[in-house]
Amino acid sequence: MAKYKIAWLEGDGIGKDVMDAASRAIDALSLDAEFVKGDVGWELWRTEGNPLPDRTIDLFNSTDCCLFGAITSKPKQEAENELVPELQGKGLVYSSPIVGARQRLELHTNMRPCKAYPGNPLNYRDDIDIVVFRENTQGLYAGVEFHPVPDEVRDVLGRNHPRMARFDDTSNDDMAISTRVFTRDGCRSIVRQGFEYAQKYGRKSVTIVEKPNVIRETSGMMIREARKISEEYPDVELWETNVDAMCMWLVKNPQDYSVLVASNMFGDIISDLCAQLVGGLGFAASANIGEDYALFEPTHGSAPKYAGKYISNPIAMMITTRLMLQYLGEEEKAETLENAIAKTIADGRVRTYDMEKRSADMEADAGKTMEVADEVVRNMA
Ligand code: NAI
Ligand code: MG
């Protein structure tokens, strides 16, 4: 029996292209793993009315972790129109399988490394090495929202909170409320993971990116918990920065920052900013981590127009694979893969179109995805 059992979900569009590239690198590393293919994505929605069927949830439950390509999502009405005729008019509502998987598997942590590999012409600077820890299931994305706002909700808020009074003249329908729910456990977990990572990899600082001076209760709870937890890590400095100022600092001095910790929405925003500083979608990887499961995916989507052309940049998927290896405790293989990725970028012998800062040429660039993969494999030697 193989040491690891890993769910292999290609999903839609270029998901398959980049996973084929990752597969080549994994084969070269001789990882002792059994990969089990699973179903997820748009075709499943169209034909079965569910982009994340129960058999895929079962697959999660019988594997150690999951490697995920990309999926296609569309707005509600468009999604309904694309259902096969038998499923239309049945009240099926599309919801993103990736958001669904995060919630059903309680993948409470989203970790995104944003490291500049020298030689990448898309780098903002070559000395950036930031890792973002974003809380993945609570906060503004928890989905506790109201529109129109029910009387009961208004009564409760109004009775307990004098600041609601100035909205008294606004009708229920003219008001929308999205809540920002933090739990102490949620705050402690994301902060602790930032500090654990910093300690393990010799990082000098953890920066909490919130806004406690204005959002006193939720951001405040995060900061207060961070101050307590930081005392257990004397070798790591705790820095506190407001999210708006952080955006300026990241553009001004990104090389000063190391580990960033933020709640769901702030983490979503700053991780996109950080990713673009080191090359953007072709280089942005993420790990969704829970207590006993993890799902690894590149940040990019399914880029339908490039599907099956093998012109997309596979490096984001390769970095994603490296994160999976680290999660499994395969530090040596993770390092071998990372060094090979770094050398491939530094040499610049084979590049996908995005690294050359031009539009893709469907014919001339066809096959580049696998050429980059082969170059990474050569550079492992
Ligand atoms: P996208 O990430 O698929 O593409 C955006 C742009 O970046 C395109 O110009 C594409 O050509 C380029 N690009 C993306 N990945 C690339 C790569 N590896 N190498 C080179 N260029 C790359 O985002 P878009 O176009 O907004 O969405 C397309 C579909 O993907 C939609 O259905 C969307 O809902 C879905 N999506 C899925 C995500 C996921 O699976 N987690 C995340 C983002 C979007
Ligand atoms: Mg995002």
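Being a predicted model, the structure only gives us computed values, none of them experimental. Positions are given from 1, in the same order as the sequence printed here. As the structure lists them, so they are numbered: ligands from 1, and atoms in each ligand from 1.
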At a 4.0 Å threshold, what atoms of ligand 1 neighbour a non-hydrogen atom of [X]?
{"X": "T299", "value": "42 (C)"}
{"X": "Y306", "value": "11 (O)"}
{"X": "P304", "value": "28 (C)"}
{"X": "S312", "value": "17 (C), 18 (N), 19 (N)"}
{"X": "A70", "value": "40 (O)"}

Which protein non-hydrogen atom lies closest to [atom], naming both residue and atom, and how far is it?
{"atom": "atom 19 (N) of ligand 1", "result": "N313 N, 2.8 Å"}
{"atom": "atom 9 (O) of ligand 1", "result": "K305 NZ, 3.8 Å"}
{"atom": "atom 4 (O) of ligand 1", "result": "A303 CB, 4.2 Å"}
{"atom": "atom 16 (C) of ligand 1", "result": "I14 CD1, 4.1 Å"}
{"atom": "atom 14 (C) of ligand 1", "result": "H300 CB, 3.8 Å"}

Tell me the side chain to side chain donor-acceptor pair (under 3.5 Å) pairs involving residues 13-23, sequence neighbours left out?
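Pairs touching residues 13-23 that pass the test: K16-D20, D20-Y310.
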
Look at ligand 1 and say whether [X] reaches it with a heavy atom at a distance under 4.0 Å.
{"X": "S302", "result": "yes"}
{"X": "P298", "result": "no"}
{"X": "L281", "result": "yes"}
{"X": "E297", "result": "yes"}
{"X": "Y353", "result": "yes"}
{"X": "I311", "result": "no"}

Please tell me if the side chains of [X] and [Y] come closer than 4.5 Å, counting only heavy atoms from C-beta onward.
{"X": "L157", "Y": "I177", "result": "yes"}
{"X": "D268", "Y": "R134", "result": "yes"}
{"X": "P212", "Y": "M222", "result": "no"}
{"X": "T369", "Y": "N313", "result": "no"}
{"X": "I71", "Y": "W42", "result": "no"}
{"X": "L9", "Y": "T56", "result": "yes"}
{"X": "F195", "Y": "L238", "result": "yes"}

Look at the side chain of [X] and the backbone N and O of [Y], then say whether any donor-acceptor pair between them is shorter than 3.5 Å.
{"X": "N123", "Y": "Y117", "value": "yes"}
{"X": "S96", "Y": "I98", "value": "yes"}
{"X": "N136", "Y": "L107", "value": "yes"}

Please state which part of D12 comes within less than 4.0 Å of ligand 1, counting heavy atoms only: side chain, backbone, both or neither.
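Near ligand 1, D12 shows nothing, with every heavy atom at 4.0 Å or more.
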
Between A360 and ligand 1, find which residue part has any heavy-atom pair under 4.0 Å and reply side chain, backbone, both or neither.
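Looking at A360 and ligand 1, no heavy atom falls under 4.0 Å.
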
Under 3.5 Å between any N/O of [X] and any N/O of ligand 1: does that happen in this structure?
{"X": "G282", "result": "no"}
{"X": "K74", "result": "no"}
{"X": "I71", "result": "yes"}
{"X": "D354", "result": "no"}
{"X": "T72", "result": "no"}

Are Y327 and F296 an aromatic pair by the rule of ring centers under 6.0 Å?
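That pair passes the under 6.0 Å test.
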
Are F68 and W8 close enough that their ring centres sit under 6.0 Å apart?
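No: the rings miss the under 6.0 Å criterion.
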
With atom 33 (C) of ligand 1 as the reference point, say which of S73, G301, A21, G13 has the nearest heavy atom.
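The residue whose heavy atom sits nearest atom 33 (C) of ligand 1 is S73.
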
Check whether any protein heavy atom sits under 4.0 Å from [atom].
{"atom": "atom 1 (P) of ligand 1", "answer": "yes"}
{"atom": "atom 43 (C) of ligand 1", "answer": "yes"}
{"atom": "atom 27 (O) of ligand 1", "answer": "no"}

Could you work out, with side-chain hydrogen bond (donor to acceptor under 3.5 Å, both in side chains) as the rule, every residue matching E135, not counting sequence neighbours?
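For E135, the residues satisfying side-chain hydrogen bond (donor to acceptor under 3.5 Å, both in side chains) (neighbours in sequence not counted) are T137.
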
Distance-only side-chain donor-acceptor flag, R180 / T218, under 3.5 Å:
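Yes, side-chain donor-acceptor contact under 3.5 Å.
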
Considering residues, nucleotides and ligands other than E145, do more than 12 of their heavy atoms fall under 6.0 Å from its CD?
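Check passes, neighbour count above 12.
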
